Amino acid sequence: MHKKFDSGEIEKKWQAIWKESGIYNVGERDRSKPKSYVLVEWPYPSGNLHIGHWYAFAVPDIYARYKRMSGHQVLYPIGFDAFGLPAENAAIKRNLNPKDWTYENMAFMREQLERMGNMFSWDKTTNSTDQDYYKWTQWMFTQFFEKSIAYRGKGIVNWCPGCNTAVANEQVLTDGTCERSGDVIEKREMPQWMMKITDYADRLIDDLDTVAWPDHIKEAQRQWIGRSKGAKINFTLSTGDVVTVFTTRPDTLFGATYLVLAPEHPLLSKSEVRGETSNLADVDAYVKTATQKDEQDRLDATKEKTGVVLSGITATNPASGEQIPVYVADYVLGGYGTGAIMAVPAHDERDYAFATKFGLPIKQVIVPCADDSKNPPRPEFKEVKRDTVIIHLRDKSTGKFALLNWHGTLEGITTAIMGGIENGQTPEEAALAEMNEEAALNRVTIVSKLKWITAAKYCASHKQQNRCAHTYAFLGEVENLNEQGVIPESESAIHTLVWVDEKEVLAKLTPDHQKQVWQMLQKESAITGDGYLINSDEFDGMDSEEAKEKIVAKVGGEMTSTFRLRDWSIGRQRYWGVPIPIVYSPTGEAHIVPKEHLPWVLPEDVDFKPTGVAPLAKSEALKKRTEEIFGSGWTPEVETMDTFVDSSWYFLRYLDNKNEGGLASLEAQKEWMPIDMYFGGAEHTTMHLLYSRFWQKALFDLGLVTESEPYKQRVNHGMILGPDGNKMSKSKGNVVDPDAQVALVGADTVKIYLAFMGPYADSSYPWDFGGIAGVRRFLERVYGLVDHIGDSEPTELTRQLHKTIAKVGTDILEFKYNTAISAMMILVNLAEKGSITKASYELFVRILAPFAPHLTEEIWTQLGHTCSVHTETFPVADMTLAIDETVVIGVQINGKLRGNITIAPDATEGEALNAVQDNPLLQEKLLSGTLKKVIYVPGRILNLLLQ
RNA sequence: GCUGGAGUGGUGGAAUGGUAUACACGUGCGACUCAAAAUCGCAUGCCGCAAGGCUUGAGGGUUCAAGUCCCUCCUCCAGCACCA
């Protein structure tokens, strides 16, 4: 009889043994095994592990352990991201030093992490506040400074009054509040330490194609970076000044009827411009109100447009030569593009709204295609001169014409049908045969079966006509085609035809089919909505895509990209961070602190209460140190770094955490990088994940790292919600304390429960106390199976075991721990009903080991093993033992389920039908009609079609 | 508005186009018990006494067969949003 399942005792015992033996330490790279670098985001030492930490670390531990048991050498490190504001705030509140608070927390949390029972590679740990760590953070900064990747910029910063420091754009939420404190962010103009992440914008987007991340994360980064391809075009003002505008639609240049400058535009303070502006007072007044408006107000797209003209100043449209007015309006943003736009009211909603309000002319230069609802003035199709039409629909990815693609497919089908008819098939037979062709199937849903046959008949009776005409048979009424006359076959003619007739053709289809056709075209062909040019001199009739480059070339503009991404502001006016290793000469010039003086230690003689002035400014020690090293009159930089800098390279330090000569040796990186699997929270998508990719690329360019992309694969986990379905919070009183749960049911149970809630990626689940009790019961039954060990077991159990082994392995790799656990539960339920052999039980214990490391270790030793179960391999399923002798399959009659039969999985159709005859109920139903057709999918279904 | 993703029992969720609702929770009934807890057994999508019928947000389509593929619409979640 097994002992009672005392999870507390078992877990304590094995944790001590594991720690003692160092079973989870990685040590040197063992090249006899493939490597697997599994990373979780290092935690901030806030003082206590919460349930979110468990979800973030304990569940990925299943993955890491599975990899290890599957023969990989796994690096699964953990550390602490220990600089940051909360330490300071807590220290102020409790009158402590932030360092003491942080180190106490780290010691406590490390114990908590050990109680989790993960296979953390503690021998590789590090933390960002360790001088051996931040020495290299500083050194990298100095390298970047010398390459101008880190620079002292001047500009508007996001000031958080709650944190008393500037924060990065990424740390400002969409509602304009600080992601940390929740306070409303203010704009302040001040010098700032910046990282030139914008220089990497293209690579940060393009290299996303090389990583195995979920599409939604990649897409979120792409959107955040926000690349727009377009052109910069210069307009000359009547004052002789030049305004550069950025536009994504240079093809509409002839339609630019005015310019708009952002209120922040530097030209507005130039004396030439001011001298020529006759309504200067109005302009200044507008600029003043516009720039003082709060950000939210200004970004409200729904509000009415405001602006003011620069009287007395005109600009020359470089394409048309027309003199056009210049406005200042706050719908143009100073911080994006060039802060100036050419306004094309005919083809831009915002410009249209502004022009309408200010009575400005609207000049149409593009004839839009049918779905181009965004262009306010939509011409009727009849206005279009047929002979100037080129094409209006374009496939973005292939550059081919959308309708032609589609048209061409139909044309191919037509040809096949014609072939069939020529070979003696009736039109009906030919049409039906072709419809069953796999390649055609996707397309034919738009046209009913009847239409196909009608069209095929038409083809048969009009053999002399060309294929284009036949194709039309599939789109419209046959009579209409006759009116078209002979249709020329050249490509351009097809374009013209499609263009001219599309509307007519669509009109012939039923409304439902019309929609389907249009949807299909949009979806398959990625229609841009562009058109062809009119009112544009020599560009008239040109495709708008082609016209973009040609027009830019004509006016001496430059094709270029603009990004939404701003440079990363990394200076913080707070204490508990990495001091920026810069000193200023007596003349105010910035110099790096050379390597021999690193780490540039954070002084301790500081009153760190936030005042808005950097606390380090008050450090006598830092001042003294600077003068001693660099000379009298030299002053230190007093800002510290954003903690996202610390976390931009921690995964490199893990590899070589004791290296005194560099951040991490290239040899160590070659052994372990890139990170094979990175688990983490969704909140880091456009912050940590973006910053660290940038940091890695910048290091790569300096030859300091071996990879330009750090993370091969990424999975985001969701959040664990309170039992009431809300986010856990003290104020709601719905916080679940993991320590209490562990004390109650054990770490293995908590871990499996978290994994059992549902698929791991991208999902959040409410805590359920009943649910976790169920998991505990499961483990108790697992333990209790010891009493069911016997000399033999039912074949059914052996079969189920091997199915389970296979399923658990594949499910883990797909982060579907829930179904893996479910399969093991099914197995245990089955085993409990009879006996299980020791060998089978051991196989089961080994597949459960990644999920319940303590319990399985305990059972393993009780079964007489002296080695750890965690040094065993993950079993390989013997699929020959997993084959079912018989299966129960459903029997459908005319597609409706009417019963089932029990047959061999590989039974023939005849055997299946015999089984049906043995079933009186089914047999009775079968006799009610004549059997016309039998569809039999072995092991799946038998469908009998009766007359 | 744009871009992604998701809608399945009372709940979390499961289903290579092939018997929808696995597994777990909850609930009900029963066993054990003086009693309760724990544990075990049975039942549990909906309507219906039953036979049977209905059911994966709504509607249509393709298919012998649709939760799954296609189209339209609705709802929810996430990211972006006066980004030229």
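Being a predicted model, the structure only gives us computed values, none of them experimental. Throughout, protein chains are lettered first and strands after them, A, B, ... in sequence-line order, and every chain is numbered starting at 1.
A:Gly774 comes within 4.0 angstrom of sugar-phosphate atoms only, judged by non-hydrogen atoms across all strands, and of no base. Using a 4.0 Å heavy-atom distance criterion, A:Arg777 is classed as a sugar-phosphate-only contact. Within 4.0 Å (heavy atoms only), A:Val344 reaches no atom of the nucleic acid at all.
Closest to the side chain of A:Met757, from the set B:G18, B:G79, B:G12, is B:G12. Of the candidates B:C25, B:C64, B:C80, the closest approach to any side-chain atom of A:Trp224 belongs to B:C80. In this structure, of B:C25, B:A84, B:C82, it is B:A84 that holds the atom nearest to the side chain of A:Ser228. In the set B:C40, B:C23, B:A14, B:C23 carries the atom at the smallest distance from any side-chain atom of A:Phe756. Residue A:Gln223 places its side chain closer to B:C80 than to any other of B:C80, B:C82, B:U19. When distances are taken from the side chain of A:Ile935 to each of B:C54, B:G18, B:A22, the shortest belongs to B:G18. Closest to the side chain of A:Ser822, from the set B:A22, B:C64, B:A84, is B:A22. Closest to the A:Asp348 side chain, of the nucleotides B:G18, B:G4, B:A84, is B:A84. Checked against B:A84, B:G18, B:C23, the side chain of A:Leu333 finds its nearest nucleotide in B:A84. Comparing atom distances between the A:Tyr331 side chain and each of B:A14, B:C82, B:A84 picks out B:C82 as nearest.
At a non-hydrogen distance threshold of 4.0 Å, A:Lys816, A:Asn818, A:Thr819 from residues 810-821 of chain A come into contact with RNA chain B. Contacts between residues 760-771 of chain A and RNA chain B, defined by a heavy-atom separation below 4.0 Å, involve A:Tyr765, A:Asp768, A:Gly770, A:Gly771, listed by number.
Along RNA chain B, the nucleotide nearest to A:Arg898 and the one nearest to A:Gly890 differ in position, and the one closer to the 5' end is contacted by A:Gly890. The residue among A:Asp215 and A:Gly899 whose nearest nucleotide of RNA chain B lies closer to the 5′ end is A:Asp215.
Rounded to whole angstrom, the span from the CG atom of A:Leu721 across to the P atom of B:C77 amounts to 14 Å.
Between A:Phe358 and A:Phe354, the two ring planes are parallel [angle under 30°; tilted spans 30° to 60°].
Across B:U8 and B:A15, the matching P atoms stand 15 Å from one another, rounded to whole Å. Using P as the reference atom, B:G79 and B:G28 are 41 Å apart when rounded to the nearest Å. Taking atom C1' in both B:G57 and B:G53, one finds a spacing of 22 Å when rounded to whole Å. Remark: the separation of the P atoms in B:A6 and B:U39 is 38 Å, to the nearest Å. Distance noted for atom C1' between B:G61 and B:G10: 34 Å (whole Å).
Remark: the backbone N or O of A:Asp762 is not paired with any side-chain donor or acceptor of A:Asn716 at under 3.5 angstrom. Using a distance-only test at 3.5 Å, with no hydrogens or angles considered, no donor-acceptor pair links the side chain of A:Tyr765 to the main chain of A:Leu754.
B:G9 has its base syn relative to the sugar, with a glycosidic angle deviating from 0 by at most 90°.
Under a cutoff of 6.0 Å and an axis angle of 45°, A:Arg776 and A:Phe5 form a cation-pi pair.
With pairs defined as Watson-Crick or G-U wobble and both atom distances under 3.5 Å, the stems of at least three pairs that touch RNA chain B come out as B:1-7 with B:74-80, B:10-12 with B:23-25, B:26-31 with B:39-44, B:45-47 with B:52-54, B:57-61 with B:69-73.
Separation of atoms OG1 (A:Thr244) and CD (A:Glu558) is listed at 9.5 Å; rounding is to 0.5 Å.
Donor-acceptor pairing under 3.5 Å, judged by distance alone, is absent between the side chain of A:Arg781 and the base of B:U39.
For A:Asp351 and A:Lys305, the salt-bridge test fails: no basic side-chain N is under 4.0 Å from an acidic carboxylate O.
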